[in-house]
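Because only heavy atoms are used, hydrogens play no part in the values below, and waters and symmetry mates are left out as well, while side chains stay in.
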Amino acid sequence: MAVLKNVFKQIGKAIAFLFVSLYRLFLFLLDNTIGLVFSKKINGYNKALDKDKVWYKVRFVLQILVLLLLIFSFNEIYYYTIGQVIGSFITWIGTLFKETSIYGKILIEYGHKFSEGIGTTLYLSLIGTTIGFIFAIFLSLIVTLKRYPEDGVIKKTFKSIGKWFVKTYVTVIRGTPMMVQAMIIYWGGKTFVDWDYLVAALVVVSLNTTAYLTEVLRGGIESIDKGQQEGGLSLGLSNFQTMMTIVFPQAIKNSMASIGNEFVINIKDTSVLSVILVVDLFRVAQLAQAKYLNPFPPFIIVAVIYLILTSTITAILKRVSKVLEVPEVKLPSAN
């Protein structure tokens, strides 16, 4: 087990190194193309910029836009690139078994189906986590709003209603199984909209992630020392400016490990979405079971694939967090 864990760790480090290197190369090209308009000079590879400069802020916005573009284009990128390679690799592994082996037959026949299932699982997990994180930012800000003596009656009322709504939403979503939510949202939604099961699955994952990450970000905000907020106020910043420029950026950085953990959890939890006919890894195993009338081999194969996915991605996230110097802070569990 220790050897297997070390293998996944090394694979994760290699992939993380690739991602970090590509990211730094992207910044280098960005600094020396569009950045020249702002900085008027050539910047070195992996060289830190002055945070007070306009280009630093513009570059940050461009990074976010490019990242979101890549995330929401994941389906197309995966199926036309690495998805084909993974499908062929799984099929090739099947040829290593004896001709009479049911494992070999399943891997050869369903190799590309397993690859498509991996793509669907990662698509729902990645985009669901991203959407959930975006919504959780707003909900965590609402739930941590403080009532000040100078607030008027209307402002206090809206703050109270907002907090009540967020707390109710988080309680309902965290207190009910995702499988039940999927059935209600998909079949209930079909009464009004004839929507695709994949869209319904994405809504379910996003709603769940929003609820869990709202609690994570709330914990991140509350973990920031109160003295920093008081320092911001003493500099003449308003409560909102202090929250957005001092408290919240640190809260997000402190929460990055938990956000990554939520992504890994979503990879496993999306397996329950087969109840609304989502063809993910779990569903592919069900199809193989139905043909060969033997549940053990296909689900063993899927269990190994899930283990490789979660172990590798966990190793990648740890490596990236180390490179980005993300602090380890104990926050509310995403479970």
Sequence-distant partners of Thr210, side-chain contact (heavy atoms from CB on, under 4.5 Å), two or more places apart: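 Checked Thr210 against side-chain contact (heavy atoms from CB on, under 4.5 Å); matches are Phe135, Leu139, Tyr169, Thr214.
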
Partners passing side-chain contact (heavy atoms from CB on, under 4.5 Å) against Phe299 (at least two apart in sequence or in another chain):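 Once residues adjacent in sequence are excluded, the partners of Phe299 under the side-chain contact (heavy atoms from CB on, under 4.5 Å) criterion are Phe282, Ala285, Gln286, Gln289, Pro295.
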
I'd like to know if the side chain of [X] pairs up with that of [Y] as donor and acceptor (distance under 3.5 Å, no hydrogens or angles considered).
X: Asp280; Y: Ser274; answer: no
X: Thr129; Y: Glu262; answer: no
X: Glu109; Y: Tyr292; answer: yes

Where do [X] and [Y] come nearest, in terms of heavy atoms and distance?
X: Gly128; Y: Val205; result: CA-CG1, 3.8 Å
X: Val216; Y: Ser258; result: CG1-CB, 3.5 Å
X: Ala182; Y: Val275; result: CB-CG2, 4.4 Å
X: Ser125; Y: Thr270; result: OG-CG2, 3.8 Å
X: Glu215; Y: Arg174; result: CG-NH1, 2.9 Å
X: Thr312; Y: Ile308; result: OG1-O, 2.7 Å

Hydrophobic cluster membership, [X] vs [Y], 4.5 Å side-chain cutoff:
X: Ile64; Y: Ile127; value: yes
X: Ile106; Y: Ile108; value: no
X: Val180; Y: Leu202; value: no
X: Leu65; Y: Ile134; value: no
X: Phe296; Y: Tyr110; value: yes

Strictly distance-based, threshold 3.5 Å: is any side-chain N or O of [X] a donor or acceptor partner for the main-chain N or O of [Y]?
X: Trp195; Y: Gly189; result: no
X: Ser271; Y: Lys268; result: yes
X: Ser73; Y: Leu70; result: no
X: Asn208; Y: Val204; result: yes
X: Ser101; Y: Lys98; result: no
X: Thr191; Y: Gly188; result: yes
X: Gln181; Y: Ile173; result: yes
X: Ser115; Y: Gly83; result: yes

Any non-hydrogen side-chain atom of [X] less than 4.5 Å from a side-chain atom of [Y]?
X: Ile300; Y: Tyr103; value: yes
X: Phe133; Y: Ile252; value: yes
X: Val302; Y: Val284; value: no
X: Leu273; Y: Tyr197; value: no

Nearest-0.5 Å distance, [atom1] of residue [X] to [atom2] of residue [Y]:
X: Leu124; Y: Leu198; atom1: CG; atom2: CG; value: 5.5 Å
X: Ile185; Y: Leu207; atom1: CD1; atom2: CG; value: 5.0 Å
X: Leu126; Y: Thr130; atom1: CG; atom2: OG1; value: 4.5 Å
X: Arg283; Y: Glu116; atom1: CZ; atom2: CD; value: 14.0 Å
X: Thr121; Y: Asn266; atom1: OG1; atom2: CG; value: 11.0 Å
X: His112; Y: Ile90; atom1: NE2; atom2: CD1; value: 9.0 Å

CA sep, side-chain torsions, deciding dist, call: Leu122, Ile313, side-chain contact (heavy atoms from CB on, under 4.5 Å): CA-CA 11 Å; Leu122 292 176; Ile313 290 174; 3.9 Å; yes

How about [atom1] on [X], more than 12 heavy atoms from neighbouring residues, nucleotides or ligands closer than 6.0 Å, or not?
X: Leu22; atom1: CG; answer: yes
X: Phe138; atom1: CZ; answer: no
X: Leu277; atom1: CG; answer: yes

Ring pair (Phe, Tyr, Trp, His ring centres under 6.0 Å): pairs with one or both residues in residues 74-101, sequence neighbours excluded: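 Counting only pairs at least two positions apart or across chains, the ring pair (Phe, Tyr, Trp, His ring centres under 6.0 Å) contacts touching residues 74-101 are Phe74-Tyr78, Phe89-Trp92.
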
Stepwise side-chain contact (heavy atoms from CB on, under 4.5 Å) check, Thr91 with Leu107: CA-CA 5 Å; Thr91 303; Leu107 288 170; over 6 Å; no

Residue pair Ile131, Phe72: steps toward the side-chain contact (heavy atoms from CB on, under 4.5 Å) verdict: CA-CA 10 Å; Ile131 295 174; Phe72 286 98; 4.0 Å; yes

Verdict with reasoning, Ile276 to Met183, per side-chain contact (heavy atoms from CB on, under 4.5 Å): CA-CA 7 Å; Ile276 57 172; Met183 295 296 285; 4.1 Å; yes

